[in-house]
Number of protein chains: 2
Amino acid sequence: MSRIIVDPFDVVPKYYQLADIIRQKVERGEWSPSQPIPSERQLETLYNVSRTTIRQALAMLIRQGLLYHEQGKGTFVSPQKLQKGILELTSFSEDMRSRGLVPGQVILDLSTVEPPAKVAQHLELKPDVQRVLRIERIRLGDGKPIGLQVSYLALGESQTITREELENRGSLYALIQEKFHIIPSAADETLEVTVAGPREASLLQVAEGSPLLLSERTLWSQARRAIEFVSILYRGDRYRYYIRLTR
Amino acid sequence: MSRIIVDPFDVVPKYYQLADIIRQKVERGEWSPSQPIPSERQLETLYNVSRTTIRQALAMLIRQGLLYHEQGKGTFVSPQKLQKGILELTSFSEDMRSRGLVPGQVILDLSTVEPPAKVAQHLELKPDVQRVLRIERIRLGDGKPIGLQVSYLALGESQTITREELENRGSLYALIQEKFHIIPSAADETLEVTVAGPREASLLQVAEGSPLLLSERTLWSQARRAIEFVSILYRGDRYRYYIRLTR
DNA sequence: CAGTGGTCTAGACCACCGG
DNA sequence: CGGTGGTCTAGACCACTGT
């Protein structure tokens, strides 16, 4: 068995390398749920890093739900059920994949528009100053309609996205991260119940008046600038929203 | 103006005291949104604590959304909009209060029962071994019905809750924390759309077939034991679910 | 360049838990 | 009692930012 160690010359921080090592130990079953992992002082000598660094790695894994502390006893691996589905800012694509469905899309619109008042407000745009990118898509899971998504993006003057790029990548967030180095870091989301109007009914292939789940989300960059306002109308019979809350 | 300092003899950890001080500075407007707060080295001398302790306090406030770092520039106060509504495991009562409504309840049932199969599964109970506490309540906001809540609690043999206790406190989580020292620390929650049957319609005072928002939640203790499985049927016209996501 | 946060070290003392 | 995590110190070097 190959010894896995922390490389002090790697550009990746030690606490991050260490967290990866521990995650692998758990995934391979070397350290089991409800069992204690080695103590922080043991980990110090095992990986030749200071306790502060150890604790930084553990804090990360605890926040992600993989481990938990018990005072005076040790650090333990979480039960299987609690290891997965960590709170994430999931894109629709990631969301579908995590449910075992193949994500897909039909792009209905991709254009630059003047933002509606509600959108301008959520994106905190100055009136009549800025135009935004509007993307409307039918979202598919295993080829069947799941939701109707309308996204408004507040990009810079010279920044834009083409239909081809969006079709090739599928995931909008992957695209803006790669192209513009914008990393989503927080979001406000509301969920409520509504019913299908004629247009939604036809696009989602449900009867008019069918119950739908409406999600509205404002997305923020690391520097706390509003990037996107997106609404998704989910078919009530094909979608269940899932979230992991941690304190 | 009174000088606020960190008391090294307090039982409250310094980083926690410091976080409170900083939170107050922001709330009082001494430090403003989008403005940098003093640098970590300045805070060291200001409050006479080490930089590690400073960073521990800042990390807490950043996780809560009050502050954010910008590399090479400083630490900043988040815009107002991002300061409130921090991700929490809110109880219904806390939830209502944060919306400016007075929480209320009508207790329909409080009894010890054999758990239904679905509940036993979510609470990970051994078959036929354990009885659980069932609480059914109509939940009110400003006196009007908002939701129908059914809660199943997996308590110890000698642990129980009386109607009086529940009526007096209102908040179940406050009660179990105080009485049994059980602190909720994580939850899995799903949200989906459904329609009112005859019983729900009558209790929530809506027409049969009205769209409802169904929340189902499993709550976990610090030691990763399942404590509660709770479902809430919200009136679609009176409730909007809100969540803050952070990475 | 000087100032910022990002990472890391090698210690220390404490409260809590089990035998 | 010895072992655990919880807190805290006083340093250090780094990469990134602005001027």
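Computed from a predicted structure; not experimentally measured. The chains referred to below are lettered A, B, ... by the order of the sequence lines, with proteins before strands, and numbering in each begins at 1.
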Could you tell me the separation between the CG atom of A:Leu43 and the P atom of D:dG5, rounded to a whole number of Å? 8 Å
Closest to the A:Lys14 side chain, choosing from C:dC8, D:dC8, D:dG5: C:dC8
Results of salt bridge (charged side-chain N to carboxylate O under 4.0 Å, His left out) for A:Glu70 - residues two or more places apart only: A:Lys73
Neighbour count above 12 (heavy atom, 6.0 Å) for A:Arg51 CZ: yes
Quick one: list whatever passes side-chain contact (heavy atoms from CB on, under 4.5 Å) with B:Thr52, sequence neighbours left out. B:Ser50
For the residue pair B:Tyr242 and B:Asp95, confirm or rule out a side-chain donor-acceptor distance under 3.5 Å. no
N/O (side chain, B:His69) to phosphate O (OP1/OP2, C:dG6) under 4.0 Å: yes
I need the OH-C1' distance between A:Tyr47 and C:dT7, as an integer number of Å. 20 Å
Only counting residues at least two apart or in another chain, list the ones meeting side-chain contact (heavy atoms from CB on, under 4.5 Å) with A:Asp20. A:Tyr16, A:Arg23
For atom CD of A:Glu70 and atom C1' of D:dG6, their distance in whole Å: 15 Å
For C:dG3, does either OP1 or OP2 sit under 4.0 Å from a side-chain N or O belonging to B:Ser39? no
For A:Asn48 and B:Arg55, take the nucleotide of DNA chain C holding the closest heavy atom to each; which residue's nucleotide lies nearer the 5' end? B:Arg55
Looking at A:Val230, is its backbone amide N or carbonyl O close enough to the side chain of A:Gln149 to form a donor-acceptor pair, meaning the two atoms are under 3.5 Å apart? no
Can you tell me how far C1' of C:dG6 sits from CD1 of B:Ile62, to the nearest Å? 12 Å
For atom CD of B:Gln17 and atom P of D:dT7, their distance in whole Å: 12 Å
At 10 degrees resolution, what angle do the end axes of the helix from C:dC1-D:dG18 to C:dG18-D:dC1 form when each is taken over five base pairs? 0°
What string of B, S and - do you get for nucleotides 11-19 of chain D, 5' to 3', if B is base contact, S is sugar-phosphate-only contact and - is no contact with any protein heavy atom under 4.0 Å? -BB--BSS-
Candidate nucleotides C:dT4, D:dT4, C:dT7, ranked by approach to the side chain of A:Gln42 - the nearest: D:dT4
Under the rule for side-chain contact (heavy atoms from CB on, under 4.5 Å), what residues qualify as partners of A:Gln56, not counting sequence neighbours? A:Tyr15
Rounded distance (Å) that lies between atom P of D:dA10 and atom CD of B:Glu40: 16 Å
Side-chain N,O (B:Tyr15) to OP1/OP2 (D:dT7) below 4.0 Å: yes
If the condition is salt bridge (charged side-chain N to carboxylate O under 4.0 Å, His left out), which residues does A:Glu165 pass it with, not counting sequence neighbours? A:Lys179
Would you please name every residue forming a ring pair (Phe, Tyr, Trp, His ring centres under 6.0 Å) with B:Phe229, sequence neighbours left out? B:His122
What is the distance from CG of B:Leu58 to P of C:dG6, rounded to the nearest Å? 9 Å
d(CZ, B:Phe76; C1', C:dT4) in whole Å: 9 Å
With a cut-off of less than 4.0 Å, is there a side-chain N or O of B:Thr53 near OP1 or OP2 of D:dT9? yes
What residues, two or more places apart in sequence or in another chain, satisfy side-chain contact (heavy atoms from CB on, under 4.5 Å) together with A:Gln42? A:Pro38, A:Ser39
